[in-house]
There are 2 protein chains.
Amino acid sequence: MAKKGKRTLQDYPRPSVAVDTAVLTVLPPERTGRGDDRGELAVLQVRRTGGHKRGEWSLLGTFLHEGELLAGSVARSLREKAGLGDDVVPRQLRVFDAVERDTRGRVLSVAHKVWVPHARLAPVVEAADGGLRLVPVGEVGPMPFDHPEIVAEAVAQGRAEYAKRADPGRLLPGSFTLHELWVVHDAVAGHFDSTEDAFRLRAVRLLEPSPEPPRKLDVGRPAKLYRRR
Amino acid sequence: MAKKGKRTLQDYPRPSVAVDTAVLTVLPPERTGRGDDRGELAVLQVRRTGGHKRGEWSLLGTFLHEGELLAGSVARSLREKAGLGDDVVPRQLRVFDAVERDTRGRVLSVAHKVWVPHARLAPVVEAADGGLRLVPVGEVGPMPFDHPEIVAEAVAQGRAEYAKRADPGRLLPGSFTLHELWVVHDAVAGHFDSTEDAFRLRAVRLLEPSPEPPRKLDVGRPAKLYRRR
DNA sequence: TAAATAGTGTCTCTGAGACACTATTCA
DNA sequence: TGAATAGTGTCTCAGAGACACTATTTA
């Protein structure tokens with residue numbers, strides 16, 4: 001290192017910066033394989049192709065490019081590796097900085113989390129021919145680096161968001177029924193939130209009624225539509 | 001960049017990594033210069049010495065060193081620039097990544113926040129001969145880079161912590177009176193929390209009584225001592 | 001006894017959960 | 001009319017704030 005008073009940026013180590021993203025969604029009840037009418041919080045995994053790691057599943061990740069913002073890096077990885085549009089709002093979790101987290105050298109990972117509706121993920125996963133999969137957050141299996149920790153923190157942050165607001169991840173379309181909203185919140189909370197009954201009363205205060213007419217279902221009383229406030 | 005399948009860490013840009021820390025404390029009532037009996041949330045500033053920036057005040061900062069953890073970097077800057085011990089618990093805020101935030105080149109800043117009791121900070125500031133100062137978080141004045149944003153986020157995170165738990169920053173010693181606890185919480189909240197009366201009831205549930213005898217004051221009924229649970 | 005501070009009891013309000021009840025539709 | 005789903009009314013309970021009241025000490 002240079003003498004005091006003459007130091008420049010070049011005198012300090014410059015680590016590589018990875019950007020790893022937990023893409024979260026809620027599997028609709030008919031896609032959980034559980035046979036009940038509850039959704040399931042799931043995360044997107046990518047099959048690794050390089051060398052001896054072939055076959056392992058990891059989170060979506062990339063390295064920060066020249067002149068790129070972190071949010072831009074997340075958007076690029078979603079675009080390049082999952083063919084998703086740029087209309088996503090990545091949220092930063094934190095930096096994972098264990099010195100030995102990557103055997104190739106010092107790599108800091110800035111972990112992110114992003115919500116994507118299942119309707120947009122499903123065709124992408126289908127088209128990826130085994131290169132992508134959606135798994136319930138409790139069944140992610142072994143993952144490289146500190147990716148299991150990243151999933152855990154993403155889930156924790158996601159649950160905290162959904163406990164405070166109505167569908168902050170915009171997993172539902174512009175208008176929706178209270179039942180649809182409950183399925184999403186119940187899935188995010190891991191089925192420990194409360195009954196659907198108690199949820200309705202709480203949720204209505206966070207919503208505004210949609211001007212659309214009630215939606216007819218197969219049977220039963222048609223359901224009023226609401227919007228996020 | 002190398003061809004696909006042959007990329008190495010060296011193919012990606014490696015930014016410098018700064019570690020900027022908002023050191024937060026509560027000025028005791030007699031140090032606020034306000035004449036009332038309320039404390040004040042304050043942040044530590046460092047006088048810059050280099051070149052044309054001389055005289056500006058900034059947050060405590062350093063660059064990440066070889067093989068160093070972020071928390072270690074925070075601890076080192078506290079030790080080297082403020083003579084503080086290693087018994088602090090830095091909490092990461094987030095990465096500030098604006099491309100032009102430092103004119104010398106691409107520098108990511110991993111912002112941190114740390115609580116330090118005023119009793120430990122006061123002698124250090126005194127001994128620094130004008131190189132350090134403690135200012136109320138509302139009066140930080142101009143600061144370089146994105147340091148004002150970092151202060152704002154540190155304050156927001158700090159307030160959220162104190163809203164949930166009793167003195168999570170351990171600004172008070174092992175045992176303390178409810179009044180002392182209220183002064184700290186009131187200062188952190190910016191005097192908008194609630195009355196001291198309402199605070200007491202809420203706080204007691206988060207505390208356990210200390211076995212020590214009540215502390216005698218100058219006048220009035222001696223105050224029971226409590227501990228963080 | 002007055003002043004000063006610490007601590008308690010009580011009232012009201014609000015929000016959440018439980019749960020029974022009503023409403024609307026289709027077969 | 002019965003099954004299925006949506007939605008409402010009511011009860012209870014817990015936490016928070018307001019505020020008056022009691023307790024303990026010094027001068």
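Predicted model, so just to flag it, every value in this text is computed and none were measured. We name chains A, B, ... by the order of the sequence lines, and we start the count at 1 in each one.
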(message) Under 4.0 Å between a side-chain nitrogen and a carboxylate oxygen: does that hold for A:Arg91 and A:Glu161?
(response) yes
(request) Quickly work out the A:His179 NE2 to D:dA4 C1' distance and round it to whole Å. (result) 12 Å
(message) Whether A:Glu208 and A:Arg227 form a salt bridge (side-chain N of Lys/Arg under 4.0 Å from carboxylate O of Asp/Glu) is what I want to check.
(response) no
(message) For B:Ala166 versus B:Leu181, what's the shortest heavy-atom pair and its separation?
(response) CB-CD2, 4.4 Å
(request) For the pair A:Glu149 and A:Arg94, find out whether any cationic side-chain nitrogen is under 4.0 Å from an anionic carboxylate oxygen. (result) yes
(request) Would you mind telling me which residue lines up with the more 5' stretch of DNA chain C, A:Asp197 or B:Glu196, judged by nearest nucleotide? (result) B:Glu196
I'd like a list of close polar pairs between nucleotides 25-27 of chain D and the protein, N/O only, cut-off under 3.5 Å.
{"residue": "D:dT25", "atom": "O2", "partner": "B:Gly220", "partner atom": "N", "Å": "3.4"}

(request) Select from A:Arg202 and B:Val204 the residue whose nearest nucleotide in DNA chain C is closer to the 5' end of that strand. (result) B:Val204
(request) Rounded off to whole Å, could you give me the CZ-to-P distance for the A:Arg200 and D:dT5 pair? (result) 13 Å
(request) For DNA chain C, note the earliest and the latest nucleotide, 5' to 3', having some atom under 4.0 Å of a heavy atom belonging to chain A. (result) C:dA16 to C:dC26
(request) In plain terms, say whether A:Arg101 and A:Asp20 are close enough for a salt bridge, that is, a side-chain N and a carboxylate O under 4.0 Å apart. (result) yes
(request) Check whether any side-chain nitrogen or oxygen of B:Arg205 sits under 4.0 Å from OP1 or OP2 of D:dA16, and answer yes or no. (result) yes
(message) I need the full list of side chain to side chain donor-acceptor pair (under 3.5 Å) pairs touching residues 169-186 of chain A, with sequence neighbours left out, sorted by first then second residue.
(response) A:Arg38-A:Asp186, A:Ser175-A:Glu212, A:His179-A:Glu196, A:Glu180-A:Arg215, A:Asp186-A:His191
(message) Using a heavy-atom cut-off of 4.0 Å across all strands, would you classify A:Thr177 as base, sugar-phosphate, or nothing?
(response) nothing
(message) Regarding B:Asp87 and B:Arg120, does a basic nitrogen lie under 4.0 Å from an acidic carboxylate oxygen?
(response) yes
(message) With rounding to the nearest 0.5 angstrom, report the CG to CG distance, A:Leu172 to A:Asp167.
(response) 4.5 Å
